[in-house]
Amino acid sequence: MWESGDYDTGSPISTAKNGLHTDGFHQRGHSWFVSTDIPSDFLVQIGDITFHLHKFPLLSRCAKMNRIIYESRDAEINKLCLDDLPGGADAFELAAKFCYGVAVNLTATNISGLRCAAEFLEMTEDLEEGNLIFKTEAFLSYVVLSSWRDSIVVLKSCENLSPWAENLQIVRRCSESIAWKACANPKGIRWQYTGKPRSSSNESSPSRGGAHVPPDWWFEDVSILRIDHFVRVVTAIKVKGMRYELIGSAIVHYGSKWLPGLAEGTAATAPSDEGCSISSISNAAWKGGGGNLHVIVAGNQEFPTSIQAKDQRMIVESLISIIPQQRDCVSCSFLLRLLRMANMLKVAPALVTELEKRVGMQFEHATLSDLLIPCFNTKETIYDVDLVQRLLEHFLVQEQSEGSSPTRHPSSDLKMYDGGSQRGSHLNGKMRVARLVDSYLTEVARDRNLSLTKFQVLAEALPESARTCDDGLYRAVDSYLKAHPTLTEHERKRLCRVMECQKLSMDACMHAAQNERLPLRVVVQVLFSEQMKISNAVALKEGGESQYQPMVPNRKTLLEGTPQSFQEGWTTAKKDINTLKFEVESVKAKYLELQNEMEALQRELNKLAKPKQTSAWTSGWKKLSKFTKMTEANDTGSQVATADHTRKTPRRWRNSIS
C-alpha cells in the first residue's frame, strides 16, 4: 500500500563518544536549552529563536560549522547567526537533536525542511557514517515516494524551500511519483484520497481492491499545490500518457478553486479543511513563493497593484500554458471565462492570442453570457467587440482549414459518408455561430458608443450560407436603430444592408412593415418579399408540394420549379416595372424640353428689354394686319385659307424688315 507512518531514525548518542549526557531539549520563551549539567558554550540565532548549545556535538556532524569556526579570525567565537537556513528554526531544532543523539521522528511534514537543512549544514558521510543527509535521503526514497499522501504532503511543504528543494530534486521526484500513481491502475491497491464525497462512505474512501475508484480521485489532492508545483505534476502526467480529457478536467478543477469568478455560479475560495487527510498543510490560502516558473511566458512587466492580482495572473498564465492541444479537453465556457480574467489581469499578449485561438477552435459551443466580456483596455465600448471579432476570425480560419484538408478516399464509401457528415457538421457549426453572433449583436447594439462600422463588420463576417433566416440580424438592426436615433438616412440604409429581406420570416416582415425606424426603401423591399412569399405559398397550396423547390442552384431551375400562376404574376409585375421606367424616361424628356423652352423665353425677354425705334412702316403694317383679321371672319373656307396665306407672308417680311 502507499501509506506510511512516522519513521524513528534517532538513537541516544553515546556519552563516552560525546562526553556528555542529555535528557532532551526544553524551551523557555524564545530560547531552547539542552537538558544537561554542562553549561552551554555556543549560541545559534535563527530569526527570533535562540539555541543554547555546545560546540562539540555540532562540530562532530556539521562540516559547515566546522569551517565557520576554524576559519574565523576569532578563535573564541561563541555565537552564530543562521537566518538563511532552509526550514528555519523548526528544521534546525531537529538537526540539533540529531547531533545530540535525541530521538527524532521523521514525517512527511518535516522531512523536506530537515533534508534541506542537513544539506545546508553539510552533514555528510565524511564526518560520520549514517549522518543526517543519508537518513533523510533514505526516508524520502523508500517511504515518502512510495506513498501517495506523503508525496503530496512533501511537495506542498517544499513551497518555502526554494531553491534548495529544486536543487535537491525533491520537487521533481515527488511530482513524478504523483504522476505515476495518478496514471496507475487502481485495481488491487489500497487508496486514500481526498476527493469529493460520493453517495456513500465506501465510495469516498475505498480500502479494498474491488471498490470503485472514480477517474477524478486525484483532482482534489493535487489542487492544494502551488501553481508551479501543479504545473510540474500535470506536465509529468502528460508524459505518462493520461487521457487529455482528464488532464483538462483537472485544470478546470484547479482554476475553479483558486481563481475567484472562474467557477461558473460560484466564487473561488481557499481550500476547505473538512475531510482532508492532508489538512495540516492546506488550511491557508495559496501565497506566491519564490519558486521559478519555467513553462510560462513572462507577462506585462508592470507590477500589479496588489499581490493577489500578481498571483492570479501567474495562475492564469500557467493554466493557459498547460492546457492540452486537443480540441475538446476543456469546455469553451471555461476558456472564455479564463480569457476574461486574462484580459482583466493583463496577461502576456502571446498567451492571450493562444487562448483566443483555442476558443476559436470550439466557438460553436460558446454561450452569450460568456461572450459578454467587458472592454478592460479602453472605455470606447462597454463590451469588447474587437475580441469577439477576433474569435470569429479564428473560428472561420479553423473551419476553412478543416474543410480544405482531405477527409476521405475516393474508393471508400464509408469515408465518403464520413466526409459528408463532416461537411454537415461544419455547416451546423456555422449556423450555431451565426445565431450566437446575432444574439451578441442584439445585446451590444444597445451601447451608444458602438460604431456603425464595428457593427457592420461583425454582422458581415460570416458567409451568407451560415444564415438561413435573418430574423436575428433584424432584431440586432432594430436594437441599433433604437439606441442610435440620430443616424442619417444614408447610415440607416448602410446598416440595413447587413440583412436580406428575402430571409425574413412572416412575423419579422409584418413587424418591419410597420417599423418607422427603417428606411422607406427597406420597407418596400420587405413588402415585396412578403408578397412573393404569400404568392408562393398560395401557388404551393394550389399546385402541390412537389412543385415547390426551396433550394435552387440557378435561375433556370428557379423558373422551372415555380408554379405557372406565380410566373404569370411575376411577368405582369415586370411589365409594370418596365412601364414605370418608360414613364420616368418620358418625364425626364419633358423636363428637358421645358428647360429648353424656358431658356428660349429668357433670351426673348432679354431682347425685348432692349429699346427699339418705331417707324411709319411698322404702324402701317399693324393696321393692315388688323384689317385682315376682320376680313377672315366673313370669308368662306377657301377665302380663309387665302387670307391666312396673305397674313403669313407680310409677317415674315415684317420680321425680316424689323
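On a predicted model such as this, the values are computed, not experimentally measured, just so you know.
Atom CZ in Arg243 sits 10.5 Å away from atom SG in Cys183 (nearest 0.5 Å). Considering OH of Tyr254 and OG of Ser318, their distance stands at 8.0 Å, rounded to 0.5 Å. Going from atom CD of Gln525 over to atom SG of Cys496 covers 9.0 Å, rounded to the nearest 0.5 Å. In this structure, CG in Leu396 is found 10.5 Å from OG in Ser401, a value given to the nearest 0.5 Å. Between the CD atom of Glu599 and the CD atom of Gln602 there is a distance of 9.5 Å, given to the nearest 0.5 Å. With rounding to the nearest 0.5 Å, the separation of CD1 in Ile251 from OG in Ser223 is 13.0 Å.
Screening residues 311-340 for ring pair (Phe, Tyr, Trp, His ring centres under 6.0 Å) gives no qualifying pairs among residues at least two apart or on separate chains. For residues 497-508, the pairs satisfying side chain to side chain donor-acceptor pair (under 3.5 Å) are Asp471-Ser505, with sequence neighbours left out. Screening residues 347-378 for ring pair (Phe, Tyr, Trp, His ring centres under 6.0 Å), with sequence neighbours left out, gives no hits.
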Under 3.5 Å, side-chain donor or acceptor atoms of residues 457-464 against the rest of the protein: list the pairs with distances, not counting sequence neighbours.
unit_1 : atom_1 : unit_2 : atom_2 : d
Glu460 : OE2    : Gln456 : NE2    : 3.4

Check: residues 474-485 side-chain donor-acceptor pairs under 3.5 Å, at least two apart:
unit_1 : atom_1 : unit_2 : atom_2 : d
Tyr474 : OH     : His511 : ND1    : 2.6
Tyr474 : OH     : Ala512 : N      : 3.4
Tyr474 : OH     : Asn515 : ND2    : 3.1
Asp478 : OD1    : Asn515 : ND2    : 2.9
Asp478 : OD1    : Arg517 : NE     : 3.1
Asp478 : OD1    : Arg517 : NH2    : 2.9
Asp478 : OD2    : Arg517 : NH2    : 3.4
Ser479 : OG     : Arg475 : O      : 3.0
Tyr480 : OH     : Leu450 : O      : 2.9
Tyr480 : OH     : Leu452 : N      : 3.0
His484 : ND1    : Tyr480 : O      : 2.9
His484 : NE2    : Asp447 : O      : 3.3
His484 : NE2    : Arg448 : O      : 3.3
His484 : NE2    : Leu450 : O      : 3.4

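Residues Leu259 and Leu338 meet the side-chain proximity criterion, which asks for heavy atoms closer than 4.5 Å. Contact annotation: the side chain of Met341 never approaches that of Arg337 to less than 4.5 Å [non-hydrogen atoms, C-beta and beyond]. With contacts defined as side-chain heavy-atom distances shorter than 4.5 Å, the pair Pro374/Arg340 qualifies. For the pair Gln362/Leu335, a side-chain contact is recorded, criterion being any heavy-atom separation below 4.5 Å from C-beta on. Between Val522 and Met499, the closest side-chain pair of non-hydrogen atoms falls below 4.5 Å. A 4.5 Å side-chain heavy-atom check between Ile224 and Lys257 finds at least one atom pair inside the cut-off.
Between Ala513 and Leu527 the shortest heavy-atom distance is CB-CD2, 3.7 Å. Here the closest non-hydrogen pair linking Ala366 and Leu336 is CB-CD1, 3.6 Å. The nearest pair of heavy atoms linking Val231 to Thr235 is O-OG1, 2.7 Å. Shortest non-hydrogen contact noted between Gly255 and Leu319 is CA-CD1, 3.7 Å. Minimum heavy-atom separation, Tyr440 to Leu371: CE1-O, 3.6 Å. Across all non-hydrogen atoms, the minimal contact from Cys329 to Pro324 is SG-O, 3.4 Å.
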Output, in order, the C-alpha distance, side-chain angles, deciding distance and verdict of side-chain contact (heavy atoms from CB on, under 4.5 Å) for Ile227 and Trp258.
-> CA-CA 9 Å; Ile227 183 60; Trp258 290 109; over 6 Å; no
Test side-chain contact (heavy atoms from CB on, under 4.5 Å) applied to Thr381 and Val444, step by step | CA-CA 9 Å; Thr381 56; Val444 300; over 6 Å; no
Derivation of the side-chain contact (heavy atoms from CB on, under 4.5 Å) call for Glu317 and Leu345 = CA-CA 10 Å; Glu317 290 177 340; Leu345 298 171; over 6 Å; no
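Within 6.0 Å of CE on Met506 lie more than 12 heavy atoms contributed by other residues, nucleotides or ligands. The environment of Glu516 atom CD is sparse: at most 12 non-hydrogen atoms of other residues, nucleotides or ligands sit within 6.0 angstrom. More than 12 heavy atoms of other residues, nucleotides or ligands shown are found within 6.0 angstrom of CZ on Arg327.
Arg492 meets the salt bridge (charged side-chain N to carboxylate O under 4.0 Å, His left out) test with Glu489; sequence neighbours excluded. Taking the side-chain contact (heavy atoms from CB on, under 4.5 Å) definition, one finds that Glu356 meets it with Leu339, Val352, Leu387, Arg390, Leu391, His394, sequence neighbours left out. In this structure, the side-chain contact (heavy atoms from CB on, under 4.5 Å) partners of Phe219, at least two apart in sequence or on a different chain, are Asp216, Leu246, Ser249, Ala250, His253. Partners of Thr453 under the side-chain hydrogen bond (donor to acceptor under 3.5 Å, both in side chains) rule, at least two apart in sequence or in another chain, are Arg494. A search for side-chain contact (heavy atoms from CB on, under 4.5 Å) contacts involving Gln325 returns Glu354, not counting sequence neighbours. Legend: residues meeting side-chain contact (heavy atoms from CB on, under 4.5 Å) with Asp438, ordered by chain and number and at least two apart, are Arg467, Leu473. Residues forming a salt bridge (charged side-chain N to carboxylate O under 4.0 Å, His left out) with Asp328 (at least two apart in sequence, or on another chain): none.
No option in Val233, Asp228, Val234 other than Val234 meets the side-chain contact (heavy atoms from CB on, under 4.5 Å) test with Phe230.
Contact check on Lys454 versus Asp386 returns a salt bridge, with a Lys/Arg side-chain nitrogen under 4.0 Å from an Asp/Glu carboxylate oxygen.
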